[in-house]
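In what follows, a structure is listed as structure tokens, so that the remarks can point back to it.
Chain letters run A, B, ... following the sequence lines, proteins first and then strands; every chain starts at 1.
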Amino acid sequence: MPELPEVETVRRGLAPVMEGALIERAEVNRPDLRWPFPDGMAERLTGRRVLRLGRRSKYLLADLDSQETLLIHLGMSGRMQVSGATIGAFFHDHPAPEKHDHVVLHMEGGGRITFNDARRFGAMDLMPTAGTEEHWLIRDLGPEPLGNAFSAPYLAGRFRGKRTPVKSALLDQGIVAGLGNIYVCEALYRAGIHPARHAGRIGPGRIGALVPIIRDVLTEAIAAGGSSLRDHRQASGELGYFQHDFAVYGREGQPCRTPGCDAPVRRIVQSGRSTFYCPRCQR
DNA sequence: ATGGGGGCCTGCCGGC
DNA sequence: TGCCGGCAGGCCCCCA
């Protein structure tokens with residue numbers, strides 16, 4: 001579930017409940033996710049007020065009134081569920097506890113934020129707010145794809161001389177931070193670029209087109225995630241749901257959606273991960 | 001130095 | 001029905 005658009009959707013859902021609210025109690029049900037939780041995490045969260053909920057790439061960053069920032073990563077299967085609070089027009093009751101509810105933030109006023117992560121590829125950590133950019137998970141990230149630093153000249157510079165497939169290059173969080181397997185496939189399809197093409201062998205014109213395409217793909221996904229906040233799935237309290245409507249991702253063997261092209265979408269494996277593309281539209 | 005593969009976990013789905 | 005292989009939106013680490 002979580003690439004940049006999903007994480008941003010989760011952030012937007014959580015922010016109204018978390019920002020300005022007091023964490024009355026932090027319930028920590030295991031010692032780790034992918035890595036051990038920081039020492040005394042429950043105590044360091046308890047009694048703290050959340051000042052602001054931000055995002056860097058796929059990381060949620062909750063600034064606390066203790067000069068510390070809580071980092072949350074959703075990994076592959078992490079979900080944040082809000083309950084006991086009014087979101088939009090509806091009050092969300094507390095659901096029955098579920099398997100893999102690893103951390104629960106009990107907020108002032110009865111609200112709850114539950115972090116559930118079956119596969120435990122997610123992570124949480126605490127760091128000084130003043131040093132978030134130096135955190136080891138953050139410091140090597142490339143620019144935000146929706147920010148000004150991500151530009152055609154920048155990307156051309158990073159691609160220059162690279163023999164790695166462009167698919168892998170765009171998944172490299174040090175080049176651009178926030179893309180994952182789905183949106184890379186979708187962006188390359190829209191740009192008409194074959195995923196196996198060496199990054200260094202894409203001309204400046206196509207790189208110039210790719211940058212706004214990446215922005216569009218992500219912006220549209222955020223808009224779709226946002227609209228799903230109002231559907232019944234959201235009313236059940238689940239945040240970050242995104243209606244899948246992809247041109248190539250997950251569509252192996254189905255006809256390409258480009259008008260006039262009905263070539264079957266192909267699936268290949270690159271660096272151990274599925275890539276979907278149209279062999280006719282992408283060169 | 002850089003790129004590819006393994007590994008971390010659990011759940012689900014399709015085939016036999 | 002049950003078992004097994006394959007697959008899943010991420011990312012660190014190790015090795016060539």
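In terms of phosphate contacts, A:His73 brings a side-chain nitrogen or oxygen within less than 4.0 Å of OP1 or OP2 of C:dC11. Residue A:Tyr183 places none of its side-chain N or O atoms closer than 4.0 Å to OP1 or OP2 of C:dG9. The phosphate of C:dG10 has neither OP1 nor OP2 within less than 4.0 Å of any side-chain N or O from A:Arg120.
Checked by atom type, the side-chain pair A:Thr275/A:Gln270 shows a donor-acceptor distance below 3.5 Å. Counted by atom type alone, A:Thr69 and A:Thr129 present one or more donor-acceptor pairs between their side chains at under 3.5 Å. Side-chain N/O atoms of A:Ser274 and A:Tyr249 include no donor and acceptor closer than 3.5 Å.
Remark: A:Arg190 engages A:Glu220 in a salt bridge, criterion side-chain N to carboxylate O under 4.0 Å. Under the 4.0 Å criterion applied to side-chain N and carboxylate O atoms, A:Arg55 and A:Glu8 are assigned as salt-bridge partners. Under the 4.0 Å criterion applied to side-chain N and carboxylate O atoms, A:Glu144 and A:Arg56 are assigned as salt-bridge partners. At a threshold of 4.0 Å, the pair A:Arg30-A:Asp32 counts as salt-bridged, since one of the basic side-chain nitrogens sits closer than that to a carboxylate oxygen. The pair A:Glu252-A:Arg266 fails the salt-bridge criterion, with no side-chain N (NZ, NE, NH1 or NH2) lying under 4.0 Å from an Asp/Glu carboxylate O. The existence of a salt bridge linking A:Arg49 and A:Glu108 is confirmed by a sub-4.0 Å separation between a basic side-chain nitrogen and an acidic carboxylate oxygen.
If you take atom C1' in C:dG9 and the same atom in B:dG3, they sit 22 Å apart, rounded to whole Å. Distance check on atom P: C:dC3 versus B:dC9 gives 24 Å, rounded to whole Å. Taking the P atoms as reference points, C:dC7 lies 14 Å from B:dG5, given to the whole Å.
Between A:Lys99 and A:Arg163, the residue anchored nearer the 5' end of DNA chain B, judged by the nucleotide with its closest heavy atom, is A:Arg163. Heavy-atom nearest nucleotides on DNA chain C were determined for A:Trp35 and for A:Gly272, and the one closer to the 5' end corresponds to A:Gly272. Of the residues near DNA chain C, A:Val269 and A:Phe121, the one whose nearest nucleotide (by heavy atom distance) lies more toward the 5' end is A:Val269. Between A:Arg34 and A:Ala118, the residue whose closest nucleotide on DNA chain B is further toward the 5' end is A:Arg34.
Put simply, the side chain of A:Arg273 and the base of C:dA8 share no donor and acceptor less than 3.5 Å apart.
In this entry the distance linking CG of A:Leu60 with C1' of C:dG10 reads 14 Å, nearest Å. Here the P atom of nucleotide C:dG10 and the CG atom of A:Leu141 are 14 Å apart, to the nearest Å. Rounded to an integer number of Å, the gap from A:Arg119 CZ to C:dC11 P is 13 Å. Rounded to a whole Å, the NE2 atom of A:His135 is 11 Å from the P atom of C:dC12. Distance, A:Lys58 NZ to C:dG9 P: 10 Å, rounded to whole Å. Separating the CG atom of A:Asp125 from the P atom of C:dC12 is a distance of 13 Å, rounded to the nearest angstrom. Protein atom CD1 of A:Ile182 is 11 Å distant from nucleotide atom P of C:dA8, rounded to whole Å. Protein atom OH of A:Tyr59 is 8 Å distant from nucleotide atom C1' of C:dG10, rounded to whole Å.
At the heavy-atom level, A:Pro5 lies nowhere under 4.0 Å from the strands shown. Residue-level contact check: A:Gln173 touches the backbone only, with heavy atoms under 4.0 Å from sugar-phosphate atoms and none from bases. No engagement by A:Leu171 is indicated, since no non-hydrogen atom pair under 4.0 Å with the nucleic acid exists.
Aromatic ring pairs are classed by plane angle as parallel below 30°, tilted from 30° to 60° and perpendicular above 60°; the pair A:His102 and A:Phe115 is tilted.
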*Treat a base pair as Watson-Crick or G-U wobble with both distances under 3.5 Å, then lay out DNA chain C in dot-bracket form, 5' to 3', with | for cross-strand pairs.*
.|||||||.|||||||
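Running 5' to 3' along DNA chain B, contacts with non-hydrogen atoms of chain A at under 4.0 Å begin and end at B:dG3 to B:dG11.
The backbone N or O of A:Val103 lies less than 3.5 Å from no partner atom in the side chain of A:Asn29, so there is not a single donor-acceptor pair.
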